[in-house]
Amino acid sequence: MIIPGILFKSQTSFPSIFNLKHNFKSFLNPKFTLQFNPISSLKVVWRKDWTLDKAIENDKRYKLCARVVKEVLNEPGQAIPLRYLDKSRERLRLNVRVKTFINNNPGLFDTYYDRIRPKSDLVPFLRPSNRLRNFLEEEKRIYDENEDLVVSKLCKLLMMSRYKVISVDKLVHAKREFGLPNDFLVNLVPKYSNYFRLTGSPGEGQSFLELVEWNPEFAKSVIEQRAEEESHLTGIRVRPNFNYKLPPGFSLRKEMREWVRDWLELDYISPYEDVSHLDQASREMEKRMVAVLHELLSLSLLKRVPVPILGKFTNDYRFSNAFSSAFTRHSGIFYMSLKGGIKTAVLREAYKGDELIDKDPLLGIKDKFVELLEEGWRERAKMLRVRREQVKKDMEMMAAKNGELSEQSCEEAEL
C-alpha cells in the first residue's frame, strides 16, 4: 500500500480520502470538513518486521565492541585494569568474561602488566593497540572533513526544540546516535560561537546548549528538500508529505486506513515551524510530532534511534507522553523494533531490505572500525585453523606411532 505525497489537482481523483459534510450554504460557498476519529481511539497491532530486525542484529557485535572501546578510552591515560573492566560487564551488556572478549576480538587492545597501587602486585591492564590508535586518527580525519555536517546537525537539533535550548546531558547521551564527536562541547561549540552558547559547566551541575543564531538554510526538513527536488525534476508542484508504504503482508483495518488517508491530506507542518499556538491533542500537533520524529531519525547515523533516547527529549520537542505509540500508529512511516529487549524506532523509507539506501558520510567512521574488527577476526580464524591442523597432524603422528608400537608388540609376542 503506497500513498504518495504529491499534491492532487483533483480531489475527486482520490474519492475515498474524504468523508464530507455539506449543507445548503456550502452549495453556494463550498466548505469541506474532514471527519477524524480521536487519535487515542486508533489502535494498530504491532507486527514484527524480520528484515529491519536483521539490520539491527547485523550491528550487534560492532556496537558491543564500540561500547567496550569507549569504556577503555574514557579511562585516565586510556588504560584500565582488566578486572575493573570485568566489573562493568553488566552495564556494558557483555555476556562473556573480558578475557574471552579480548581473545575473540584481537587487534583492539594490548595487554600489559602494571601495579594499581605502588606496592600492590602486578595485574593485567588493557590499553589501545596501535591499530586502534590508527583508527582514532582516521576517525578524527573523517570528523574534520564533515565538520559542516556535524554543525548543521547540532543546529537542527536545537532549532526544532521549543525554546532553542537543550540540556547538555541529553545531547551527550544522544551524541553517538547522531554522529556528534566525543569532544563536541570542548572543541566544536567554542569554535562556532556564532551558533552556540554553553551555559553552566558540564559535569558540575546543570548545563545547557543554546542556539545563538537561526540559519534559514538549516530550517528545511528532509521531506521539504525532497519535495523541492521532485518539483524541480518534474516541473509539477509537489506538496511536502510523508512517504507511506506498508511492508508486504501488513494491512490496516478500514477505519484506520481511512484515518491515515485523511491525516496525510492535512498540510505538512515543518519540524522547524513555531507551533506554540497548536493544541497538544490536535491532529495538527500529531502531524507535527511525526514530522519531528521523521526528521530526528533522518538526522541519525543509522536512521534509527532507541525510543528511550528519543523519550529524553519529550519536553524539548513537545512530544506527548504516549509519543512512542506513533511508531505503530504510523506503521507505513516507522517501524518499532523490539530486538534485544530495547524499543528502537526505525525509518522505513531509509532502508531497502536490511541495508541503508543513502549512507550518512559520518558512517565512514563505522566502516573503518568494522574493517579493524574484521582484520582481527580473520587473524583469529587463521590462528584457530592452524591450531586445528597442528592438532590433527599430532593426532595422526600419535596414531601412526601407536600403530608401530602395536605391530612391534605383536611381533615380540610371536617370538
Side-chain angles (χ1 to χ4, degrees), residues 63 66-67 69-71 73-74 91 139-140 142-144 146-215 217-222 270-272 274-275 288-289 291-319 321 323-324 342-345 347 360-363 365-366:
K63 286 201 166 187
R67 286 197 298 271
V69 167
K70 178 185 175 185
E71 187 77 8
L73 295 180
N74 284 343
R91 178 169 53 81
E139 180 185 49
K140 185 180 183 306
I142 293 172
Y143 272 127
D144 289 343
N146 294 279
E147 189 169 277
D148 290 345
L149 173 62
V150 175
V151 170
S152 70
K153 283 190 179 193
L154 193 53
C155 281
K156 284 171 175 281
L157 291 174
L158 293 170
M159 289 166 70
M160 284 187 285
S161 65
R162 183 187 298 192
Y163 303 115
K164 317 310 174 214
V165 58
I166 296 178
S167 162
V168 164
D169 287 343
K170 295 178 184 179
L171 291 171
V172 168
H173 196 76
K175 65 182 178 182
R176 190 169 51 188
E177 305 300 328
F178 296 100
L180 303 179
N182 290 327
D183 59 357
F184 77 98
L185 290 172
V186 177
N187 293 328
L188 201 69
V189 169
K191 185 177 178 180
Y192 292 88
S193 57
N194 57 315
Y195 283 133
F196 311 117
R197 180 186 297 120
L198 187 62
T199 59
S201 300
E204 300 177 9
Q206 280 198 325
S207 56
F208 299 88
L209 189 64
E210 179 184 351
L211 183 73
V212 174
E213 179 184 333
W214 181 277
N215 188 336
E217 293 182 6
F218 297 157
K220 194 174 290 184
S221 70
V222 169
S270 171
Y272 303 101
D274 179 17
V275 291
R288 192 263 179 181
M289 181 180 73
V292 173
L293 292 171
H294 185 285
E295 186 74 352
L296 287 172
L297 294 181
S298 297
L299 290 173
S300 69
L301 284 180
L302 296 169
K303 315 308 176 194
R304 61 177 192 257
V305 179
V307 173
I309 289 180
L310 292 173
K312 291 181 179 294
F313 298 92
T314 299
N315 293 328
D316 302 286
Y317 296 131
R318 291 191 66 186
F319 294 157
N321 291 333
F323 80 95
S324 62
I342 300 173
K343 291 182 179 179
T344 303
L347 188 61
D360 190 301
L362 292 169
L363 276 178
I365 294 171
K366 175 194 170 188

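None of these values were measured; they are calculated from a predicted model.
- Taking every heavy atom of both residues into account, A219 and W214 meet most closely at CB-CZ2, 3.6 Å.
- For the side-chain hydrogen bond (donor to acceptor under 3.5 Å, both in side chains) test, no residue two or more places apart in sequence or in another chain qualifies with E139.
- Partners of I342 by side-chain contact (heavy atoms from CB on, under 4.5 Å), not counting sequence neighbours, listed by chain and number: R93, P306, T344.
- Under the ring-ring contact (aromatic ring centres under 6.0 Å, His included) criterion, F196 pairs with no residue at all, not counting sequence neighbours.
- In this structure, V305 and S300 approach most closely via the heavy-atom pair CG2-CB, 3.6 Å.
- Across every non-hydrogen atom of G179 and V150, the tightest pair is O-CG2, 4.2 Å.
- A distance of 5.0 Å separates OH in Y317 from CE in M160, rounded to the nearest 0.5 Å.
- Counting heavy-atom neighbours within 6.0 Å of K170 NZ, excluding the residue itself, gives a total above 12.
- Distance check, rounded to the nearest 0.5 Å: NZ of K63 to NZ of K70 gives 11.5 Å.
- Applying the salt bridge (Lys or Arg N to Asp or Glu O under 4.0 Å) test to residues at least two apart or on different chains, the pairs with a partner in residues 151-167 are K153-D360, K156-E295.
- Rounding to the nearest 0.5 angstrom, the gap separating the CE atom in M289 from the OG1 atom in T314 is 10.0 Å.
- K366 places none of its side-chain heavy atoms less than 4.5 Å from the side chain of L301.
- R176 places a side-chain heavy atom less than 4.5 Å from the side chain of R67.
- For D274, the side-chain hydrogen bond (donor to acceptor under 3.5 Å, both in side chains) criterion is met by S276, not counting sequence neighbours.
- Looking at R318, its side chain does come within 3.5 Å of a backbone N or O of V275 through a donor-acceptor pair.
- Smallest separation of non-hydrogen atoms from L198 and V168: CD1-CG2, 3.5 Å.
- Taking the side-chain contact (heavy atoms from CB on, under 4.5 Å) definition, one finds that A345 meets it with L297, V307, L310, F327, sequence neighbours left out.
- Counting heavy atoms from C-beta on, the side chains of L154 and F218 never come closer than 4.5 Å.
- We find the CG-CG distance between L363 and L302 to be 5.5 Å, quoted to the nearest 0.5 Å.
- Counting heavy-atom neighbours within 6.0 Å of N321 CG, excluding the residue itself, gives a total of 12 or less.
- For Y163, the side-chain contact (heavy atoms from CB on, under 4.5 Å) partners at least two apart in sequence or on another chain are V165.
- Among residues two or more places apart in sequence or in another chain, the side-chain contact (heavy atoms from CB on, under 4.5 Å) test is passed with N194 by Y192, E213.
- For the atom pair L171 CG and D316 CG, the distance stands at 8.5 Å (nearest 0.5 Å).
- Between L347 and S298 the shortest heavy-atom distance is CD2-OG, 3.5 Å.
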What pairs of donor and acceptor atoms, side-chain ones from residues 180-189 against any protein atom, are under 3.5 angstrom apart with sequence neighbours left out?
residue: N182; atom: OD1; partner: K175; partner atom: NZ; Å: 3.4
residue: D183; atom: OD2; partner: N187; partner atom: ND2; Å: 2.5

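- Taking F178 as the reference, nothing meets the ring-ring contact (aromatic ring centres under 6.0 Å, His included) condition, with sequence neighbours excluded.
- In this structure, OG in S161 is found 11.5 Å from CG in N315, a value given to the nearest 0.5 Å.
- With sequence neighbours excluded, the residues that form a side-chain hydrogen bond (donor to acceptor under 3.5 Å, both in side chains) with Y195 are N215.
- What you find for S207 and G200 is that their closest heavy atoms are CB-C, 3.9 Å.
- Partners of R197 by salt bridge (Lys or Arg N to Asp or Glu O under 4.0 Å), not counting sequence neighbours, listed by chain and number: E210.
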